[in-house]
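A short write-up of the structure that comes next.
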Amino acid sequence: MNLIEGNINGAGKKVAIVASRFNEFINAKLIDGARDCLVRHGAADNDITLIRVPGAFEVPFAAAKAVDAKKFDAVICIGTVIRGDTSHYEFLSAEVTKGVAALAMRAAIPVVYGLVTTENLEQAIERAGSKAGNRGWDAAMTALEMMDLNSKKI
Ligand code: INI
């Protein structure tokens with residue numbers, strides 16, 4: 001069997017993190033997790049660029065700009081959408097997810113989905129560095145593997 005897979009090595013890699021400010025209490029932890037993961041796996045802190053946007057809805061737009069800049073080896077999308085009393089959550093989380101997915105399909109570099117979409121604040125906290133890990137760290141780990149895979153001929 002011929003196996004092609006990416007290794008986890010961030011040395012020399014340039015990564016854009018696109019992160020929304022809405023629910024910043026959670027997003028700050030996700031950004032920290034992503035940055036920590038990249039640096040612990042060899043990426044230079046100077047090679048990480050943080051792009052901030054107001055809310056999750058704006059993430060796909062800024063992520064597309066980062067892809068089109070052709071300066072990065074991967075783009076990590078971060079944001080937090082928490083269910084409220086109305087249907088707003090469904091519409092927003094679906095559109096953001098579709099936006100990131102559409103970009104991921106057309107981009108020549110990995111675009112990673114690091115958004116947290118939860119029923120309540122407690123679930124978001126659990127995914128931002130407590131009992132369910134840190135989705136920002138997980139997204140960065142995915143970016144590391146996919147950047148290396150992207151450098152290989154398939
Ligand atoms: N943005 C979020 O990132 N998370 C949310 O939970 C949220 N809610 O619930 O409203 C949210 N709204 C703002 C939205 O992303 C846009 O910034 C706004 O609609 C302007 O386009």
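Keep in mind that what you see is a predicted model, and the values were worked out from it rather than measured. First listed ligand is number 1; within each ligand, the first listed atom is number 1. Just so it is clear, the values below take in all heavy atoms, side chains as well, and ignore hydrogens, waters and symmetry mates.
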Out of Glu58, Glu95, Arg83, Glu24, who gets a non-hydrogen atom closest to atom 17 (O) of ligand 1?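 Closest candidate by heavy-atom distance is Glu58.
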Sub-3.5 Å donor-acceptor pair from the side chain of [X] to the main-chain atoms of [Y], do we have one?
X      : Y      : value
Arg52  : Ala19  : yes
Lys29  : Asn134 : no
Asp148 : Gly6   : no
Asn23  : Ile26  : no
Asn27  : Phe22  : yes

Considering only the protein, which heavy-atom contact is closest to [atom], and what is its distance?
atom                    : result
atom 3 (O) of ligand 1  : Ala56 N, 2.8 Å
atom 4 (N) of ligand 1  : Thr80 O, 2.7 Å
atom 11 (C) of ligand 1 : Leu92 CD2, 3.3 Å

Does Ile31 share a hydrophobic cluster with Val18, counting links as ILVMFWY side-chain heavy atoms below 4.5 Å and allowing steps through other members? no
What do you reckon, does Phe22 have a nitrogen or oxygen under 3.5 Å from a nitrogen or oxygen of ligand 1? no
Please indicate whether any nitrogen or oxygen in Phe57 is less than 3.5 Å from any nitrogen or oxygen in ligand 1. yes
Give the atoms of ligand 1, by number and element, whose distance to some non-hydrogen atom of His88 is under 4.0 Å.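 Close to His88: 8 (N), 9 (O), 10 (O).
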Element-labelled atoms of ligand 1 that are located less than 4.0 Å from some non-hydrogen atom of Asn23: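 Those qualifying, in numeric order: 4 (N), 5 (C), 6 (O).
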For Met146, is the CE atom crowded, meaning more than 12 foreign heavy atoms sit under 6.0 Å from it?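 Counting other residues, nucleotides and ligands, CE of Met146 stays at 12 neighbours or fewer.
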Considering only heavy atoms, does Ile82 approach ligand 1 within less than 4.0 Å through its side chain, its backbone, both, or neither?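 It is the backbone that touches ligand 1; the side chain stays farther off.
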